[in-house]
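Here is the structure we will look at, set down as structure tokens.
All values reported here derive from a predicted model rather than from experimental measurement. Just follow the structure's listing: the first ligand is 1, and inside any ligand the first atom is 1.
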Amino acid sequence: MSLFNVNPVTVDDYRRRAKRYLPRFLFDYIDGGANRETTLASNVNDFDRYRLIQRVMKNVDNVDTGTTLAGQAASMPLALAPVGMAGMFARRGETQGARAADAIGIPFTCSTLGICPVEEIIAATGKPIWFQLYMLRDRDIVKALLKRAENAGITTLVFTVDLAVAGMRLRDYRNGMIGTNLASKLSKAAQLLYSPLWLKDVGIKGKPHTIGNLSQVVPDPDDLNAYKAFIDAQFDASVTWEDIAWLRDLWPGKLLIKGVMEVEDALAAVNVGADGVVVSNHGGRQLDSVASSISKLAAIADAIGHRAEVYLDGGVRDGLDVLKAVALGADGVLIGRPWIYAMAGGGETGINNLLDTFQREIRTGMALLGVNRIDQVNRDLIELADAPARLDTGLEPKPLRHTRAV
Ligand SMILES: Cc1cc2nc3c(=O)[nH]c(=O)nc-3n(C[C@H](O)[C@H](O)[C@H](O)COP(=O)(O)O)c2cc1C
């Protein structure tokens, strides 16, 4: 990095800073994916398989990036994705994410496995957030969590369906994040010593490091191993669409089903009453070698039509990626790693700045696409980078521009 590049701007700039700041096992936890990380790479790289279409002389004097997400006004088609243990990457991290999201006017999603409880996050802004839920074997705990979320003022539930079991994140084994043997413990201790700033600000001043939303039901809330044992025992691998129907009956607010990659699953979600789906492979942390989420988006958006909202996450790294997803049929996108890198690398101001850059990229991109409103960003504004015959994109229902007969 040049001596004169003093201001971090892009996700990559913040990633480099986060790497210097965080203990290695925490950086690997946010940065890595499952197995050989093939899907993690495809999520990012496959955005390059699509190209935006430049239009000119369109009067773009009134560009407005605003839209509606899950029934609420948002300043752009973007939300912060749920990230477990976000509060380990910066002091009380979930509150920093929620404040930054609120400052620019987009939704923040709290994970079931967040460090801060929902009440603490909502108190940081006084505004509703989205809450992400995993199904637990003990349905009474689920019911209690839903009641708690409802009482706290949460309007949108994001139910994650792609974690029947946790994926094989090999970095977590290698660096000692998972493992209680002596080598793991010594390695982790050494990593902490190499990260004195993090150790002081988050390791010591950021306590308690409990999983806030579950601290009342886990036997020893100060022991992360007890949490892991609880999660291993409680994450329910037997969940089916019937359980979502049960959930739908219980939850009065908006329900988004996160983690579908196939048309059939997306339709099943809509059929049990979901208000939206999130096309997602969990950021490449679950089934490695599954396709990128952007490559699956168009077919799912076409199949769902206007019956429910369609979101996408995985690999979104700038405002133009957001526009590509919207052009292919998404109502909005979520970002996971980007806001964590920005927070670890630059604190709450880092998230503020990154989100501001996203919005400026979206606004500039819209002007250069020749549109003033988000609902004008559609398939007419996107094409394949390569010959369409080489890709199975599922785009047939609305042919891409350069495949049209002239
Ligand atoms: C470290 C980490 C923890 C995550 N924890 C959760 C979680 O608790 N619940 C969930 O639904 N998704 C979780 N996700 C997935 C994100 O919500 C999102 O799908 C993914 O990060 C999107 O990909 P991106 O990081 O490329 O933006 C996590 C992702 C990461 C990287």
Side-chain angles (χ1 to χ4, degrees), residues 11-12 14-15 18 22 25-34 37 39-47 78-90 93-94 97 107-116 118 130-136 145 156-164 166-167 169 171-172 175 177-178 211-214 227-228 231 235 239 256-261 277-288 290 292-294 296-297 311-318 321-322 325 330 332-344 351 354-355 358:
V11 172
D12 268 347
Y14 283 110
R15 179 180 175 276
L22 293 170
F25 65 89
L26 274 181
F27 177 74
D28 277 347
Y29 176 66
I30 186 70
D31 195 59
E37 304 187 347
T39 299
L40 174 62
S42 314
N43 274 351
V44 175
N45 295 333
D46 280 3
F47 276 91
L78 183 69
L80 300 193
V83 173
M85 301 205 294
M88 295 304 287
F89 298 95
E94 289 86 3
F108 172 83
T109 318
C110 160
S111 162
T112 309
L113 301 177
I115 295 292
C116 300
V118 283
W130 293 3
F131 178 63
Q132 176 269 326
L133 181 72
Y134 288 118
M135 189 61 85
L136 304 175
L145 267 178
T156 300
L157 184 71
V158 179
F159 185 77
T160 301
V161 292
D162 59 7
L163 210 126
R169 297 134 195 188
R171 291 199 210 186
D172 296 348
N175 62 30
M177 169 123 180
I178 290 180
I211 307 292
N213 299 311
L214 296 175
Y227 274 114
K228 196 178 169 320
I231 288 160
F235 270 43
V239 179
L256 307 181
I257 301 294
K258 173 173 180 282
V260 297
M261 288 287 286
V277 297
V278 185
V279 179
S280 170
N281 50 37
H282 216 100
R285 292 166 62 77
Q286 285 297 97
L287 181 61
D288 192 33
V290 74
S292 62
S293 37
I294 191 69
K296 293 284 184 174
L297 172 64
Y311 293 86
L312 167 128
D313 75 21
V316 174
R317 295 295 178 262
D318 64 23
D321 287 345
V322 177
V333 306
L334 288 77
I335 48 172
R337 293 179 183 83
W339 76 266
I340 300 288
Y341 292 142
M343 179 172 74
I351 321 175
L354 184 72
L355 293 178
F358 264 80

Leu113 meets the side-chain contact (heavy atoms from CB on, under 4.5 Å) criterion, sequence neighbours left out, with Ser111, Tyr134, Ile211, Leu214, Ile231, Phe235

Do Trp130 and Leu80 have side chains that approach each other closer than 4.5 Å (heavy atoms only, starting at C-beta)? no

Run through Gln286, Gln132, His282 and flag the one making a side-chain hydrogen bond (donor to acceptor under 3.5 Å, both in side chains) with Thr160. Gln132

For ligand 1, would you mind listing the residues that have at least one heavy atom less than 4.0 Å away, ordered by chain and number? Tyr29, Ile30, Ala81, Pro82, Val83, Gly84, Ser111, Gln132, Tyr134, Thr160, Lys258, Ser280, His282, Gly283, Arg285, Asp313, Gly314, Gly315, Arg317, Ile335, Gly336, Arg337, Pro338

Are any of the side-chain heavy atoms of Asp318 and Val11 separated by less than 4.5 Å? no

Quick one: list whatever passes ring pair (Phe, Tyr, Trp, His ring centres under 6.0 Å) with Phe108, sequence neighbours left out. Trp339

Quick one: side-chain hydrogen bond (donor to acceptor under 3.5 Å, both in side chains) partners of Asp313, sequence neighbours excluded? Ser280

